[in-house]
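Worth saying up front: this structure is predicted, and the values here are computed from it rather than measured. We name chains A, B, ... by the order of the sequence lines, and we start the count at 1 in each one.
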2 protein chains.
Amino acid sequence: MLPATARQTDFHNDHLPESCKGAGDILARVGDKWSVLIVRQLDRGSMRFSELNRAIDGISKRMLTLTLRNLERDGLVERTVTPLNPPRVDYALTPLGVSLSKPVMALAEWAIAHKFDIQSARHDYDRAQEDN
Amino acid sequence: MLPATARQTDFHNDHLPESCKGAGDILARVGDKWSVLIVRQLDRGSMRFSELNRAIDGISKRMLTLTLRNLERDGLVERTVTPLNPPRVDYALTPLGVSLSKPVMALAEWAIAHKFDIQSARHDYDRAQEDN
DNA sequence: CAGAATCCAGACTGATACTG
DNA sequence: CAGTATCAGTCTGGATTCTG
């Protein structure tokens, strides 16, 4: 369906197989379920570990720790330790993290807006399969 | 979008644990590495199975098939079989898929734009860890 | 409180081979 | 061409236990 004429009208894009490759890894991290939910929370302001743990439904301490580490490693989240007893650790988005939150929130809103469309599409598909 | 009753009381609508919960599953699919790359390709126009297989670097026939099935199940991609010999199957985005492609492309562009920021953040982080 | 460490079942993936 | 089937290795993620 994509004829040879597409090539000349390629003004709007540039393939960049290189870039796409790198994008894959990053999208994997960014599109990760927990990463999105964490970014979504931190977009409202910094939070403590336990606050995040309570705010994000269903996440285990393990996954919260691991995901925060990855986000920190990618420079999206900043970790601030306040040496007290009991210890206090706050997490906040870095400027890079804030810039990410925009497209991520857009995606999250899309997901929420079309949740039912997808659920019903799944339902229809599954029912159609059963009939075979 | 929202019921009229919700608008008055809920204008500042936070949280929505229900919506967020559902969003997680969908984001997982949508944020999937292969899904993104496939949507990205199909955004330019419909393609045949083998064309996708060649266009997307590193994907196996197996993962291409599985991912396309999931996208089809979610109502994002339409599969059209033309019974010939050899067989021909075309894939295209549905209207829902097209609406998804916008936020996905935005995210992909973010990823490409900040690829190096992330790479260097990772590098710094890893080097800081070694010193310990 | 904020993790680190360990265990482990199950999901995910790639490679390979086969089919209509 | 467009898949399906199978198998083995990897990775994931929850549960649990322990520490400064």
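Using a distance-only test at 3.5 Å, with no hydrogens or angles considered, no donor-acceptor pair links the side chain of S50(A) to the main chain of N53(A).
Distance NZ (K33(A)) to P (dC12(C)): 12 Å, rounded to an integer number of Å. Rounded to whole angstrom, the span from the CD1 atom of I56(B) across to the P atom of dG14(C) amounts to 13 Å. Taking atom CG of D90(B) as the reference point, atom P of dC1(D) lies 13 Å away to the nearest angstrom. When rounded to the nearest whole Å, the span between CD of E51(B) and P of dA2(D) equals 8 Å. Protein atom CD of Q129(B) is 10 Å distant from nucleotide atom P of dA4(C), rounded to whole Å. Rounded to an integer number of Å, the gap from N85(B) CG to dC1(D) C1' is 9 Å.
Partner of Q119(A) under the side chain to side chain contact (heavy atoms under 4.5 Å, CB included) criterion, out of R122(A), H123(A), K115(A): K115(A) alone.
Residues M47(B) and L42(B) have side chains in contact (heavy-atom distance under 4.5 Å, counting atoms from C-beta outward). Contact check for N70(A) versus S35(A): no side-chain heavy atoms found under the 4.5 Å cut-off. Side-chain contact between F49(B) and L68(B) is present, with at least one heavy-atom pair separated by less than 4.5 Å.
The phosphate of dC1(C) has neither OP1 nor OP2 within less than 4.0 Å of any side-chain N or O from R48(A).
You'll find that the side chain of R79(B) is closest to dA2(D), out of dA2(D), dC1(C), dT13(C). Comparing dC1(C), dA2(C), dG14(C) by their nearest atom to the side chain of W34(B) picks out dG14(C). Out of dC1(C), dC1(D), dA2(C), the shortest distance to the side chain of V89(A) is found at dA2(C). Counting only heavy atoms from C-beta on, F49(A) has its side chain closest to dG3(C) among dC1(D), dG3(C), dT13(C).
Against DNA chain C, the stretch residues 59-72 of chain B makes heavy-atom approaches under 4.0 Å through S60(B), R62(B), M63(B).
The number of heavy atoms from other shown groups lying within 6.0 Å of CD (E72(B)) is above 12.
Distance check: D117(B) CG to D74(A) CG gives 11.0 Å after rounding to the nearest 0.5 Å.
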